[in-house]
Amino acid sequence: MEKTHLKAGIFGGTFNPVHIGHLALANYLCEYEDLDEVWFLVTPQNPFKKDIRLLDDRIRLEMVKTAIDGYPRFRASDFEFSLPRPSYTVDTLRNLSDTYPEREFILIIGADNWEKFSLWKSPEEILRKHRILVYPRSGYSLHIPDAMSKQVKAVQTPLLEISSTFIRKSIAEGKDIRYFVHPAVYRIILEKRLYQVNNE
Ligand code: ATP
Ligand code: MG
């Protein structure tokens with residue numbers, strides 16, 4: 001039997017909460033780039049850097065699960081919850097590849113993160129083992145050196161300038177910004193009374 005070789009994009013974030021900017025970007029990459037699936041990898045709380053603004057890991061994961069329900073190419077992953085923290089991308093990718101040998105993991109990052117990529121832990125190992133898709137962020141130029149053009153691709157995704165920070169702040173101010181998140185996520189936010197206090 002032929003070996004299945006699925007191309008899985010890895011889209012990491014705190015998703016506090018997941019919003020339509022995240023969802024539209026990942027949706028676009030699934031449909032217009034050569035990806036079979038996109039994994040929303042929820043970053044757990046770093047116990048040494050307790051951030052009061054960051055919601056409980058499980059609630060952030062639940063919101064991602066709820067938002068992606070019904071679209072078969074999306075997957076919500078708590079893979080980093082069981083890794084030593086903080087987990088560096090290179091270590092996460094190594095663990096993912098060991099656990100899911102039938103998949104090729106392709107890193108999805110924004111132009112803002114790409115600017116600092118050379119400062120990450122073991123960037124050369126990441127580049128040796130994985131392809132990277134870099135999407136534009138407003139205010140950041142996007143340059144891929146020729147030597148990396150085989151591994152790294154700039155993708156022209158539409159830009160939606162929405163952030164979770166904006167959503168948390170708006171909810172705390174009592175604004176109804178329901179159309180910035182998936183309706184089911186908005187329901188969870190209301191039901192659990194999330195982000196009522198504005199500490200950004
Ligand atoms: P916060 O405002 O809390 O920083 P965020 O909206 O940036 O939240 P993250 O969970 O930090 O959300 O985002 C996960 C990843 O998605 C990050 O790499 C981030 O750069 C990217 N991202 C965030 N917002 C957008 C957007 N509107 N369009 C495309 N990518 C985004
Ligand atoms: Mg952010």
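This structure is a prediction, so every number in the text was calculated from the model and none was measured. Counting starts at 1 for both ligands and their atoms, in listed order.
- With sequence neighbours left out, Trp114 forms a side-chain hydrogen bond (donor to acceptor under 3.5 Å, both in side chains) with no residue at all.
- Residue-ligand proximity, Gly13 to ligand 1, at heavy-atom distances under 4.0 Å covers atoms 10 (O), 14 (C).
- With values rounded to the nearest 0.5 angstrom, Thr89 atom OG1 is found 4.5 Å from Trp120 atom CH2.
- The 12-atom threshold is exceeded at NZ of Lys121, counting heavy atoms of other residues, nucleotides or ligands nearer than 6.0 Å.
- Between Tyr100 and Trp39, the two ring planes are perpendicular [angle over 60°; tilted spans 30° to 60°].
- Heavy-atom proximity to Ile162, at under 4.0 Å, picks out these atoms of ligand 1: 24 (N), 25 (C), 26 (C), 27 (N).
- For an aromatic pair to be called close, the ring centres must be under 6.0 Å apart, and Phe180 with Phe166 satisfies this.
- Ranking the protein heavy atoms by distance from atom 12 (O) of ligand 1 puts His22 NE2, 3.0 Å first.
- Among all non-hydrogen protein atoms, the one lying nearest atom 28 (N) of ligand 1 is Leu160 O, 3.7 Å.
- Contact annotation for Thr157 and ligand 1: no heavy atom of the residue comes within less than 4.0 Å of the ligand.
- Here CD of Glu37 is found 13.5 Å from CG of Leu29. Values are rounded to the nearest 0.5 Å.
- For atom 3 (O) of ligand 1, the closest non-hydrogen atom on the protein side is Arg168 NH1, 3.1 Å.
- Scanning all protein heavy atoms for the shortest distance to atom 4 (O) of ligand 1 gives Thr165 OG1, 4.1 Å.
- Taking the centre of each ring, His22 and Phe40 stay at or above the 6.0 Å mark.
- Considering Asp91, Thr92, Leu96 as possible partners of Arg94, the one that fulfils the side-chain contact (heavy atoms from CB on, under 4.5 Å) test is Asp91.
- For the atom pair CZ (Arg168) and CD1 (Ile177), the distance works out to 11.5 Å, reported to the nearest 0.5 Å.
- Atom 15 (C) of ligand 1 has Gly12 O, 3.5 Å as its closest protein atom, hydrogens excluded (heavy atom only).
- When hydrogens are left out, the protein atom nearest atom 10 (O) of ligand 1 is Phe15 N, 2.8 Å; that is the closest non-hydrogen contact.
- Distances shorter than 4.0 angstrom do not occur between any heavy atom of Ala24 and any atom of ligand 1.
- Within ligand 1, the atoms closer than 4.0 Å to a non-hydrogen atom of Gly21 are 27 (N), 28 (N), numbered from 1 in the order shown.
- Which parts of ligand 1 touch Asn113 is read off a 4.0 Å heavy-atom cut-off, strictly below it: atoms 18 (O).
- For atom 22 (N) of ligand 1, the closest heavy atom belonging to the protein is Arg137 NH1, 3.5 Å.
- When distances from atom 7 (O) of ligand 1 to the protein are checked, no heavy atom turns up under 4.0 Å.
- The neighbour count for Tyr71 OH, taken as heavy atoms of other residues, nucleotides or ligands under 6.0 Å away, is above 12.
- By the criterion of a heavy-atom distance under 4.0 Å, the side chain of Tyr135, and not its backbone, is placed next to ligand 1.
- Among protein heavy atoms, the minimum distance from atom 11 (O) of ligand 1 is reached at Thr14 OG1, 3.9 Å.
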